[in-house]
Structure formats: C-alpha cells, structure tokens
Number of protein chains: 4
Amino acid sequence: MPRPATDKRDRLADAALDLTYRRGFERTSIADIAEHAGVAPGSVYYYFKTKDDVGQAIVDTLSGRYLSVIEGWRDLAAPEDRLVSFLDMYLDDADNVRAFGCPLGAVCAELGRHSPELGAAAGEVFSALIDWAAGEFAELGFAEAAARARATHLIAVMQGAAALTHALDDPEPLQREAAHLERWIRRAGE
Amino acid sequence: MPRPATDKRDRLADAALDLTYRRGFERTSIADIAEHAGVAPGSVYYYFKTKDDVGQAIVDTLSGRYLSVIEGWRDLAAPEDRLVSFLDMYLDDADNVRAFGCPLGAVCAELGRHSPELGAAAGEVFSALIDWAAGEFAELGFAEAAARARATHLIAVMQGAAALTHALDDPEPLQREAAHLERWIRRAGE
Amino acid sequence: MPRPATDKRDRLADAALDLTYRRGFERTSIADIAEHAGVAPGSVYYYFKTKDDVGQAIVDTLSGRYLSVIEGWRDLAAPEDRLVSFLDMYLDDADNVRAFGCPLGAVCAELGRHSPELGAAAGEVFSALIDWAAGEFAELGFAEAAARARATHLIAVMQGAAALTHALDDPEPLQREAAHLERWIRRAGE
Amino acid sequence: MPRPATDKRDRLADAALDLTYRRGFERTSIADIAEHAGVAPGSVYYYFKTKDDVGQAIVDTLSGRYLSVIEGWRDLAAPEDRLVSFLDMYLDDADNVRAFGCPLGAVCAELGRHSPELGAAAGEVFSALIDWAAGEFAELGFAEAAARARATHLIAVMQGAAALTHALDDPEPLQREAAHLERWIRRAGE
DNA sequence: AATGAATGAGTGTTCATTCAT
DNA sequence: CATGAATGAACACTCATTCAT
C-alpha cells in the first residue's frame, strides 16, 4: 500500500532541510534538492509551488523532528533528565554542530534571511522549544515566569555555544556550556 | 590629503558589510554593493578580485569596527565597566539585533556558509573578542583558564540571546540575558 | 440520454476557445483549459492527442457557432435583414470586441500564428462566412462575382473595424463602420 | 565613430519586431531575439529590463518606422497621392501581408494580447496613423469630423483586407479593397 | 473510460566576472 | 585610474506530454 506522493514530498523536504543546514538556503538550488532526493528536477514543482514553499516545508520538517525527539524523552521520569537530554542531543551531534552550527538555529537564521514570513515560521519552532523547556522547569517547581526565564536562558546559551563552536571550529564552547548547564539543571532539581 | 582609491575601497567594504548584515551575502549582488557605495558597477573588480575577496574585506571591516569600539572603552578604569559596556553595546543596538541578529554573529555565519576560508577568517574576529574579554577577566583576578572560560561564556550567551531575540522578534531575551550577565560581572568585580 | 464523454470533450473545446479568445492560445495552458472546463488535468489528453489537436477543436467549435448563428437568421425573410443581423451581432457584442477583438478574427490570427495547418483550418471559417454573405447578396440580385466581392468587402470592413475598436479601446470605429455598412446593404436591397 | 550600445539595442529591437511579426511575441524567446540580432543571449538584459520592456521597444520601433515612411511621402504634392501611397505600401508588401498579416495590426494584436499596457502603447501607433490620414483628408477639403471618419474608414478597411488576405492566404481581398479605396480617394480629390 | 503523478525541455531572468578603453 | 559594455553559466519556474493504474 504505497503512498508515493507523500513519500516523495517527504524525501524532498528532508533533502531540502539537509542541504539548507549544510550549504544554506540560497546556495541550495531546486535542482540540488531534486538530485539529493533522487527525484527528477521538474518534479519539485509538482509538490511545491515555489521555493518559498519548500522553505515552509523545511520549517515543518524541522518542527516535526524536534517535537518527535522531545516526545521520545517522555519515558524519562525526572524533568531534570529530560532537560539534560536536550543538552546531550547537542553533544551527540557535536561534529555537525562544529561543522554547520545548530541544526535549528542555523536553518532558522538562513530562512529568516530569505523572507520575513519564513523567519516568523521558523521562530515558532523556537517558541515551541521554549514552551517545552518552561514546562519542564515548571514541573521542577518554578513559578511560570521563572520557568520561562530559565527555559529561555537554556535555549539561548545552547544557541550561543553552538554558534561559537561553529565559528571557532572548536567543540570546547559547546561542551563547556553544556556541562555548566547540566550542573545548573541538576541543582534546580534538588 | 585623501587617497580616493582607498576611500572608495572602504566605502565598498562598508556597503558590503551593511548589505550582508541586512540581506545576507548571497542575496547581495556586486551591483548592489556598488550602487550602495555610490561607485560605478564595473569598479568593484578594480578593488576586489572576486566576490570572495569582498567577503574578506567584510571580515576585515568588521574586525576593525569591533577593535576600535573596544579601544574606545580604554577610558573606563574598571574592567567590570568595560565588560558591561560590551553588553550595553548590544542593548543600544537592540532594534537592529531584533531585525537582523547580532552584527558580528550574523555576518560570520553568513560568510562561513559561503566558504570555509571566510568562515575561518570570521572566526578570528570571535577569537579576538574572546581574547579581549579574557584579558578583562584576568584583570579582575581570574586565572587564565578561568578567565577564558568566563570570556567564552560571556560571548556565547550574548550570541545566543541575540539569536533568540532575532528569531522570536522579541527584545526580551537579549535584555534579560544582558541584565543577568551584568550582575554576574559586577559580582566578579567585588 | 447524454454521452458524458462527448460532453466533456465539448466543454473542453468551449473552454479552450474561450480562453484562447481572451488570453491567446500560447498563454493558455492545457491545465488552464482543464480547470476552466471542470475536468481533471490529465484527461485533456484522453480527448485530444496534442495541443494542436485542441486548436483544431477550437476551429471546429468556432465554425459550429457561427454556422448555427447564421442558421438562426433563416427566419428573417429578407436577405438585407439577415446581412444586417450579421452587423448587429457585432454591435451586441461590442464590449467583448473592444476588450478582445473579433471573436472570429482574433482566434484565427492566434491559431494561424501557432501553426500553418491551424491557420488554414481557421481560414475556412472565413471562407464559409464569405460564402454565406455572397449567397445573400446573390439573392439580392447581384451576379456571382459581384456578390462575392460585396461579401468580401462586408467581412473585411467588419474585421478591420473590430481590430481598430480593440486597438484603440474605443467602440466608435465598430459602430460607425457598421452603420455605414447597414446603409450600404439597405441601398442594395432597394 | 561607433555607437555600439545604441547599435546593438536597435538591432535587438529590430530582431524582436521581426520575429514578433512572423512568429508572434509569445513564441519568440529572448534567446531567439539575441541569436537573430547576433548578440550573446545574456546581453538582451543589459539593454532591456524585462521582456515587456522589449515589447515596448518593439512598439517604439514600429512607430518610428511608420512615421519615417509617412515622412517620406512629404515629397508628393497632392494629398491624394500621399494617401494612395499608403495603399501602395501594402500592395508592395503583399507577400508578407499574405504570410503574416498587416505588419502593424498583427504586431499590435500580439502585444495587446500579452499585456494591456503594451496594447495601449501599440494603440497609439494606430492613433498616429489615423491622425496623419485625417490631416490629409482635411487638406482635401473635408471638415474635421468628416476627415477623421474617412481616415478611420481607410485604416479600418486596410486592416480588414490585410486580415482576410492573411486568413485566406489569398492576395485578392487586399488588392480589391485597395483598388476600391484608391478610387474612393481619387474621387474625393476631384 | 479516465486520471493523478511525474517529468524533461525550455522560459525569463540574475549576476559574478571580463575587458577594451 | 576607473569604468561601462558585454556575457555565459546558472537560477526559479512553466508546461505539453506520458503513463501506470
């Protein structure tokens, strides 16, 4: 029972996300995306009306990936463990972070520079991430305002650490800031 | 006695930096830069061999601007005040940060995505900034390793806060993280 | 008991004629025609082998329409009245003539420019129209050669008047030439 | 003393007019025009901003040609002779009229179908032509309104005759209507 | 009998780059 | 010293056409 349409569309969106992360949105041509997805060049426009539409699909794919990863942490009983998993996700992916930056931040910046609409859409992924982290901190006993402040801090520091690790081509900032944040999270959980 | 050649070159580099910050490097054409600088289109290639060369000039200009700003803080007697000036620089420029991201981080990311060479060059501006901050923290009494760690943390957090403020189109993360860091700096100065 | 296949084919031909008249043949895509006819995009090629084939169907539809309109004038007893009905047909449709030109002439020119074969086919519609008008003039007592000459003049002047009215976006040439021709016809009928 | 810029631009406009007349505007690609003018494909966009801009240049070229032809009839002392020259111009070009229609009417219709703006611009060429003919009839002693009516009739009939000659692929309508109009003009000059 | 999925060839357009002057 | 003219390669996008079902 094949769903070829959805399958190809997904493959195209995945390829577009991947190439945008590694080369940038502007430097990624429609033909590149098609080739990467193993699809005929003209076919991209069967699934997407414009390149901006591909950008929107990138945001959706990105959002879906982060949401499903977070979903996977539901097994963990303690909020601290879930928050630390967020840090570990970056550490496990340190090579890519070093080479291309944060998979979320880099792509959002790239799309935002292409068009304000895409930038706003990408911003919502950040919002969702902060919402999730704020929920975890709330579960740790923080009042809403404090929980949000902590969540924003967590995301901001990881964004900055990833940016520095990429800019300096050095995993150290990422590792050090993650270690810092882990202690900060554990301390909050006590 | 001005040297008009140099003047034009500088104007071109300034225009290139400005446009790259606001639109991105890829979306900025050589003709755009020439027009922005009030220079004849063909002349860009008199001053720069290739567009990548323009990218290098952007890095140099960026580096010069940050260095001279830092230089301007020499008047301040206390290292804490100089470090806080770094934070204030962002707060004073909050509108641009919100609209286009960190003037340093956004441009570095943009150039890094264009070519590894430019990325490495841009990375050195970050290194210099960290070196400066590490020096200030050393002056506050921290041992070298600790001073570097603190400097990296400072830059990373501001990078992340700027990125979030841009992505969310909301000045709050920048303001909150800056306030946080100011207390953290003042505490270190006691 | 309708034959749905034929019905769809007719609807497609009608849509194609309509769009060709208003936008031109080249600017009308197969997908446009399908959408306009309320038919699935892929289905056009079930009824027509190529786009040129659609062009042929346009000519046939056009021919059929003019023939049936002429047929409708059979009720009128006097040839003068039938010939004047031809003029009135244009005057009644003056808004479209102004906006898009003569429904026959514009489409013929469009198809002729697309391919000589279609141009020749479209030319036959003109021939048929001239034949009809020549028959009417013959009935008014003109010898065959004179009747054909008058018929050709009638059609030519209306073509030119329609073309001018369209080009100048002004109904005046059409109205004036039609009034002229009506007197000329009435005079011949005395 | 070469004026290469103007020269190339003119050659491109000439090629564009020629191809539009023979193939239609839509079926003429920018690459076709460049090749026809002996110019590199990318160069068209150095002289014209868009294809619509090329269309405007076509109108200008067309207008210039007709104006200069009319100018050439200044030598003729009698208005009748000048008006008959207009008819002769078509008869001398009968082969092209038969193959492609009226050089003015066909191109105007083609451009008008491409965009209303171009259609309006093309319409002004017709206006100018009518103005000229009206002036000649005025010189023959007709009051302004009558002169304009006659001028419009002259142009309209030639348009229609050319259209029919093209549609039927038969020079007869053009020749017969031209002969008719010549007698009509000579009669007015007596 | 009918169609939705898919595509390759071609379109208008942009732009980094070259070069004669 | 400086530039306007010119260009070829690449881009986003369109569309007539095919075909498995």
Dot-bracket encoding of pairs in DNA chain E, which uses [ ] for pseudoknotted crossings and | for another strand, Watson-Crick or G-U under 3.5 angstrom: .||||||||||||||||||||

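Counting only heavy atoms from C-beta outward, the side chains of Tyr21(C) and Glu110(C) never approach each other to under 4.5 Å. Val125(B) is not listed as a side-chain neighbour of Arg65(B), based on a closest heavy-atom distance of 4.5 Å or more. Residues Gln56(D) and Asp52(D) have side chains not in contact (no heavy-atom distance under 4.5 Å, counting atoms from C-beta outward). Using a 4.5 Å heavy-atom cutoff, the side chains of Thr28(A) and His36(A) are not in contact. Counting heavy atoms from C-beta on, the side chains of Asp53(A) and Thr50(A) come closer than 4.5 Å.
Atom pair Tyr46(A):OH and dG8(E):P shows a separation of 16 Å (rounding to whole Å applied). One atom, CG of Asp52(C), and another, C1' of dC15(F), lie 15 Å apart when rounded to the nearest Å. Counting to the nearest Å, the P atom of dA16(E) and the CG atom of Asp53(B) are 14 Å from each other. In this structure, NE2 of His114(B) is placed 9 Å from P of dA16(E), rounded to the nearest angstrom. Rounded to whole angstrom, the span from the CD atom of Glu35(D) across to the P atom of dG8(F) amounts to 13 Å. Atom NZ in Lys8(D) sits roughly 17 Å away from atom P in dG4(F) (whole-Å rounding). Between Tyr45(C) atom OH and dA16(F) atom C1' the separation is 4 Å, expressed in whole Å. Rounded to a whole Å, the CD1 atom of Ile30(C) is 16 Å from the P atom of dG4(E).
Contact annotation for Ser43(A): base contact, defined as any heavy-atom pair under 4.0 Å involving a base atom.
In this structure, Lys49(C) and Lys49(A) both approach DNA chain F, and ranking their closest nucleotides by distance from the 5' end singles out Lys49(A). Of the residues near DNA chain E, Phe25(B) and Gly38(A), the one whose nearest nucleotide (by heavy atom distance) lies more toward the 5' end is Gly38(A). Comparing Val44(D) and Lys51(C) by the nucleotide of DNA chain F whose heavy atom lies nearest to each, the residue mapping closer to the 5' end is Val44(D). Nearer the 5' end of DNA chain E, as judged by each residue's closest nucleotide, is the contact made by Val39(C), out of Val39(C) and Gly42(D).
Among Arg23(C), Arg27(C), Lys51(C), Arg22(C), the single residue meeting the salt bridge (charged side-chain N to carboxylate O under 4.0 Å, His left out) criterion with Asp32(C) is Arg23(C).
The side chain of Ala40(B) lies closest to dT3(F), out of dT17(F), dT11(E), dT3(F).
A 6.0 Å sphere centred on CD of Glu26(A) holds more than 12 heavy atoms belonging to other residues, nucleotides or ligands.
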